[in-house]
Chemist: 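Pasting in a structure now, in structure tokens, and then I'll have a few things to ask.
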Amino acid sequence: MLRWTLIFLVVALVAALFGFGGIAAGAASIAKIIFYIFLIALVISLVMSMLRRA
């Protein structure tokens with residue numbers, strides 16, 4: 001999932017470089033959403049891991 005975030009971030013940067021503002025904003029917002037989903041999944045995974053050890 002983190003790979004998709006980086007892909008959309010690169011797409012946003014390249015689109016912004018070439019002047020496609022709408023595409024850059026869309027790709028950046030998708031990257032941000034996927035990154036937050038990744039963070040939530042990471043926290044849930046860490047909590048579940050801690051509960052299994054206890």
Side-chain angles (χ1 to χ4, degrees):
M1 192 177 306
L2 191 56
R3 181 185 302 165
W4 284 104
T5 303
L6 293 174
I7 289 171
F8 278 109
L9 182 63
V10 169
V11 168
L13 290 173
V14 170
L17 181 70
F18 288 120
F20 298 109
I23 295 172
S29 65
I30 291 172
K32 190 187 319 181
I33 290 169
I34 294 173
F35 180 72
Y36 288 136
I37 292 171
F38 171 77
L39 284 180
I40 291 169
L42 177 68
V43 169
I44 290 172
S45 175
L46 289 174
V47 168
M48 295 300 277
S49 172
M50 292 173 75
L51 289 176
R52 286 186 194 151
R53 291 184 184 174

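Along the sequence shown, residues carry numbers from 1.
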Chemist: Ignoring hydrogens, what is the shortest heavy-atom contact between A24 and A16? Give both atom names and the distance.
Modeler: CB-N, 3.7 Å
Chemist: Testing I37, I44, V43, L42 for side-chain contact (heavy atoms from CB on, under 4.5 Å) with I40, which one passes?
Modeler: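 So, applying the side-chain contact (heavy atoms from CB on, under 4.5 Å) to I40 and each of I37, I44, V43, L42, only I44 qualifies.
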Chemist: Does F18 sit in a hydrophobic cluster with other residues, and if so which ones, taking ILVMFWY side chains as linked at heavy-atom separations under 4.5 Å, directly or through other members?
Modeler: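 Its cluster mates, by chain and number, are V10, V14, F20, I23.
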Chemist: Any link between L9 and W4 through a network of hydrophobic side chains (Ile, Leu, Val, Met, Phe, Trp, Tyr) touching at under 4.5 Å?
Modeler: no
Chemist: For residues A31 and F8, report the shortest heavy-atom separation together with the two atoms involved.
Modeler: CB-CB, 3.7 Å
Chemist: Can F38 be reached from I7 by stepping across I, L, V, M, F, W or Y side chains whose heavy atoms are under 4.5 Å apart?
Modeler: yes
Chemist: What are the two closest heavy atoms between G26 and S29, and how far apart are they?
Modeler: O-OG, 2.8 Å
Chemist: Which value, rounded to the nearest 0.5 Å, describes the distance between T5 atom OG1 and Y36 atom OH?
Modeler: 11.0 Å
